[in-house]
Structure formats: C-alpha cells, structure tokens
*Asks:* 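Got a structure for you, questions after.
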Amino acid sequence: MTFKHNFKKVLSATAFAAALVVAPAANVSAATNDASSTQQSATATSQDQQASQDQAASQSSAANQSSSTSTSSATSTSTVKKVAKKTKKTSKKKAVKKVAKKTTKKKATKKAKKTSKKSTKKTTKAATAAVTASADQSQATDQQDDAAKKAAEAAAKKAAAAKKAAAKKKAAAKKKAAARKKAAAKKKAAKKSAEKTAKYWIAMRESGGYYTARNGSCYGRYQLLISYLGGDLSKKNQERTADRYVYGRYGSWVNAKRFWLAHNWY
C-alpha cells in the first residue's frame, strides 16, 4: 500500500515539472516577437528569459529530482517485484518441497503399510503353515500312537493267548501225569491187593494161617524149611523170609499162587 502511494506522488511531481517547462517556452516565444517592436521590451524579455532560464534550471533540477525519485521508485518497485518474485519463488519452492516431502512421506507411509501388510500376510501365512504342519504332525503322531497301541494290544493279546495255551497244555500234562500216577497207584494198589490176596491164599493152603504149624522139616505159616528161617521162628522173620523166597523164585505171590495151582506146592 505504501509503494502505491509513493508511485502516485511521483507521477504528480512529474506532471507539475512538465507544466513548468511548457510555460517558460511560451513566454520566450512572445518576447522574441515583441523584440522587433521595441528594444525596451527586448531587455525586459532578456531579463525575463534569464529568470525563466533560472526557473527552468530549477524546474529541470526538480524534474531530475523527480525523475531520480521516479527512478528510485521504479528501482524500489523492481526490487520489490524481484523480492516478491523471489519470495513467491521461494514460497513456491518451499510449497513444492513441502508437497514433495509430504508425497515422499505419504509414499513412505504407504510403502511401510504395504511392507507391514506384506510382512503380516507372510507371517500369517507362515503361522498358518506352521499350525497346519503341527496339526499334520500331531495327526501323524496320533496315528503312530494308535498303531503302536494296537500293535501293543495285539502283542499282549497274543502273549495272553500263548500263556493261556501254555497253561492249558501244562494243566493237561499235569492232569495226564496225575491220571498216570493215579493209574499207577491204582495198579500198584491192585497189584498189592492181588499180592496180599495171593499170599493169604497160599498161607491158608499151607498151614491154615498158623505161624506155629509144623510138617516135618517145614515150619510156620508158609511152611518154609526151618533152615531158611535161620533159627528165628518169629512172625516177623517168617513174613520177611517168605517174601524173599517167593520174589526170588517166582517174582510175585500171584505167580507163586499160579504155580501152586498147577503143582499143589510152591
């Protein structure tokens, strides 16, 4: 606003100086025409011309000053324009720089977001893959555990079956052995009973069952030669000597009875 006011002031001063220059020129022209009439007028005109010249010089000086002021104002205006232009350029440059910075920041933010999104996606994908792999591994482990459990159960079942079969076989063998033992015992008992019966049968035929019966050189329950008894006529010695004689000669009382039945003696 100050610049505009100074510019108007300079224009007014210039117009005023121009007016002053035109006015003395008109006066000089009038004085020259009158000089041919009278010499007095010439002198006066000369004086007026000198004054006009002084005035013109003064006005010229003022005009020069005004021109200098105008030039100064123009220079100031140019400077102001330059400064304004420079300021505008600087402002524009700053604005461009700010925009570029903002754009760069926006791009960086966008890139960071994109990178973050990509990283998150990658991490999520990796986590999903890890979870899937873990689930697959867990499933495989469960399947292996199930297979191992089934194998262990099958092995245990087989071992139990084998153990049961072995126990059954052992029980059967034991039962068979017991049966054999029982049969042997029964056979032995039967043999013993048969031996006892045959022995009793011979004693009854030989002496009627008396330990003191005597027939010539034979004596006792089984009518053995007295020499067989060795001077001991006791019941115990008679039983022992009779067994020794029969088992030694016939192998059993049953065989001795069989011989007796065939020969009436033994």
Side-chain angles (χ1 to χ4, degrees), residues 127-266:
T128 305
V131 170
T132 305
S134 179
D136 292 340
Q137 188 176 1
S138 178
Q139 188 176 4
T141 304
D142 291 340
Q143 289 177 353
Q144 288 178 356
D145 291 342
D146 290 339
K149 191 176 181 180
K150 285 181 180 179
E153 287 177 354
K157 195 173 181 181
K158 192 174 180 181
K163 189 176 181 181
K164 189 175 181 180
K168 193 174 181 180
K169 191 175 180 181
K170 188 177 181 181
K174 192 175 181 181
K175 190 175 181 181
K176 196 173 181 181
R180 283 198 303 266
K181 189 176 181 180
K182 188 176 181 180
K186 191 175 181 181
K187 189 176 180 181
K188 188 178 180 180
K191 187 179 179 181
K192 189 176 182 180
S193 177
E195 288 289 297
K196 189 176 181 181
T197 302
K199 187 178 182 181
Y200 178 78
W201 186 88
I202 290 176
M204 293 304 291
R205 293 296 181 276
E206 291 292 327
S207 63
Y210 292 100
Y211 286 99
T212 57
R214 187 166 185 169
N215 184 13
S217 58
C218 295
Y219 182 82
R221 183 178 175 88
Y222 301 101
Q223 290 299 294
L224 298 172
L225 292 173
I226 294 175
S227 59
Y228 288 169
L229 295 173
D232 186 359
L233 304 177
S234 64
K235 294 179 180 180
K236 190 174 182 180
N237 189 44
Q238 286 184 43
E239 292 289 339
R240 186 170 53 245
T241 302
D243 287 335
R244 186 167 59 245
Y245 169 75
V246 168
Y247 284 117
R249 184 167 181 171
Y250 302 105
S252 66
W253 284 101
V254 173
N255 291 335
K257 179 183 177 181
R258 196 176 289 120
F259 185 85
W260 199 100
L261 287 169
H263 301 90
N264 287 324
W265 63 277
Y266 74 105

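This structure is a prediction, so every number in the text was calculated from the model and none was measured.
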*Asks:* Can you measure from CG (N264) to CZ (R205) and round to the nearest 0.5 angstrom?
*Replies:*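 Nearest 0.5 Å value for the CG-CZ distance: 10.0 Å.
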
*Asks:* Using 0.5 Å steps for rounding, measure from the NZ atom of K176 to the NZ atom of K169.
*Replies:*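 K176 atom NZ to K169 atom NZ measures 11.0 Å (nearest 0.5 Å).
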
*Asks:* Under the criterion side chain to side chain donor-acceptor pair (under 3.5 Å), which of W260, Y266, W265 is the partner of E206?
*Replies:*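 Checked W260, Y266, W265 against E206; only one passes side chain to side chain donor-acceptor pair (under 3.5 Å): W260.
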
*Asks:* Is a side-chain donor-acceptor pair under 3.5 Å present for N237 with S234?
*Replies:*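 Checked: S234/N237 side chains show no N/O donor-acceptor pair below 3.5 Å.
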
*Asks:* In the structure I gave you, are the side-chain heavy atoms of W201 and L261 within less than 4.5 Å of one another anywhere?
*Replies:*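 Answer yes - side chains close enough.
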
*Asks:* Quick one: closest heavy-atom pair of D243 and K199, and the distance?
*Replies:*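 Looks like OD1-NZ, 3.0 Å.
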
*Asks:* Going from NZ on K188 to CD on E195, what distance comes out if it is rounded to the nearest 0.5 angstrom?
*Replies:*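 One gets 12.0 Å once the value is rounded to the nearest 0.5 Å.
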
*Asks:* Measuring from atom NZ of K174 to atom NZ of K181, what distance do you get when rounded to the nearest 0.5 angstrom?
*Replies:*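 The NZ atom of K181 is 10.5 Å from NZ of K174, to the nearest 0.5 Å.
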
*Asks:* Side-chain contact, heavy-atom cut-off 4.5 Å: E153 with K149?
*Replies:*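 Sidechains of K149 and E153: in contact.
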
*Asks:* Taking the side chain as everything from C-beta on, heavy atoms only, tell me whether Y250 gets closer than 4.5 Å to R258.
*Replies:*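 No, too far: nothing below the 4.5 Å cut-off.
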
*Asks:* Looking at every heavy atom in both A256 and V246, which two are closest together, and how far apart are they?
*Replies:*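 Heavy-atom minimum between the residues: CB-CG1, 3.8 Å.
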
*Asks:* Donor-acceptor pairs are to be reported for all side-chain atoms of residues 214-226 against protein atoms at under 3.5 Å, with residues two or more places apart or in another chain.
*Replies:*
{"unit_1": "R221", "atom_1": "NH1", "unit_2": "G209", "atom_2": "O", "d": "2.5"}
{"unit_1": "Y222", "atom_1": "OH", "unit_2": "E239", "atom_2": "OE1", "d": "3.1"}
{"unit_1": "Y222", "atom_1": "OH", "unit_2": "E239", "atom_2": "OE2", "d": "3.0"}
{"unit_1": "Q223", "atom_1": "NE2", "unit_2": "A213", "atom_2": "O", "d": "3.2"}
{"unit_1": "Q223", "atom_1": "NE2", "unit_2": "G220", "atom_2": "O", "d": "2.8"}

